[in-house]
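The next block holds one structure in the form of structure tokens; read it before the comments.
Excluded from the calculations below are hydrogen atoms, water molecules and symmetry mates; all remaining heavy atoms, backbone and side chain alike, are included.
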Amino acid sequence: MMESLANKQERAYEKLYHWLQQYLHLNQSSQEQQHQLDPDAMDEALSHPFVRQSLRTLHQSTPAFYSHTLEMIATSRRIEVMRRFLLALTAGHGGQAPLEMKAHDPVSYVGDMLAFCFQAC
């Protein structure tokens, strides 16, 4: 009976882990992530009470799932910031001209790149 209960509990933690992946869109390929409309959707999703409680539960019960989820969140954010930076560099972002337009002036060029990095963080 105890073994059966332990198996059910482990399956519940696995379901919680997979639900978090699905809710946070962590198991999508990078091409699918490019089509997300709201760049701050991850922050909004992470602030949801169910997500916070789920992360807390995984942290307390199954640290391996928790660590893997955090790694996936970090990877997803890294991909999104890199995508936005390359977009800003080549095509412009947020209604501004491409950063490459100022490549002739190194101080301005590097300053704009650093400003983008500061704004992204």
Linking I/L/V/M/F/W/Y whenever any side-chain heavy atoms sit under 4.5 Å apart, do Leu87 and Val81 land together?
no

Heavy-atom side-chain contact between Met1 and Leu5 under 4.5 Å
no

Is there a side-chain contact between Lys15 and Glu10 in this structure, where contact means two heavy atoms from C-beta onward sitting under 4.5 Å apart?
no

Quick check for you: to the nearest 0.5 Å, what is the distance between Thr90 atom OG1 and Leu99 atom CG?
9.0 Å

Do other residues, nucleotides or ligands put more than 12 heavy atoms under 6.0 Å from the CD atom of Gln53?
yes

Measuring from atom CZ of Arg77 to atom CG of Asp43, what distance do you get when rounded to the nearest 0.5 angstrom?
4.5 Å

Could you give the distance from OG (Ser61) to CZ (Arg56), rounded to the nearest 0.5 Å?
12.5 Å

Nearest-0.5 Å distance that lies between atom CG in Leu20 and atom NE2 in His18
11.0 Å

Return the minimal non-hydrogen interatomic distance between Thr57 and Tyr13, and the atom names on each side.
CG2-CE2, 3.9 Å

Among residues at least two apart in sequence or on other chains, which ones pass side chain to side chain donor-acceptor pair (under 3.5 Å) with His59?
none

Are side-chain N/O atoms of Tyr109 and His104 paired as donor and acceptor at under 3.5 Å?
no

Value for CD (Glu71) from CZ (Arg78), rounded to nearest 0.5 Å, stands at 9.5 Å

Return the minimal non-hydrogen interatomic distance between Pro98 and Leu89, and the atom names on each side.
CB-O, 3.7 Å

If two hydrophobic side chains count as joined below 4.5 Å and joins carry through other members, does Leu46 share a cluster with Leu58?
yes

Below 6.0 angstrom between ring centroids: does that apply to Phe85 and Phe116?
yes

Do side-chain atoms of Ser108 reach the backbone of Asp105 as a donor and acceptor pair under 3.5 angstrom?
no

Would you say Glu14 has more than 12 foreign heavy atoms packed within less than 6.0 Å of its CD?
yes

Begin with the C-alpha distance, continue with both residues' side-chain angles, and end with the deciding distance and a verdict on side-chain contact (heavy atoms from CB on, under 4.5 Å) for Thr75 and Leu26.
CA-CA 9 Å; Thr75 301; Leu26 297 176; over 6 Å; no

Starting from Leu70, can I reach Leu16 by hopping between I/L/V/M/F/W/Y residues whose side chains sit under 4.5 Å apart?
yes

For the CD atom of Gln21 and the CE atom of Met72, what is their distance to the nearest 0.5 Å?
4.0 Å

Which residues pass the side-chain contact (heavy atoms from CB on, under 4.5 Å) test with Ala45, not counting sequence neighbours?
Tyr23, Leu24

Pair Val51, Trp19 - check side-chain contact (heavy atoms from CB on, under 4.5 Å), show working.
CA-CA 10 Å; Val51 173; Trp19 176 82; 4.2 Å; yes

If you count every heavy atom of other residues, nucleotides or ligands that lies below 6.0 Å from Arg52 atom CZ, does the total exceed 12?
no

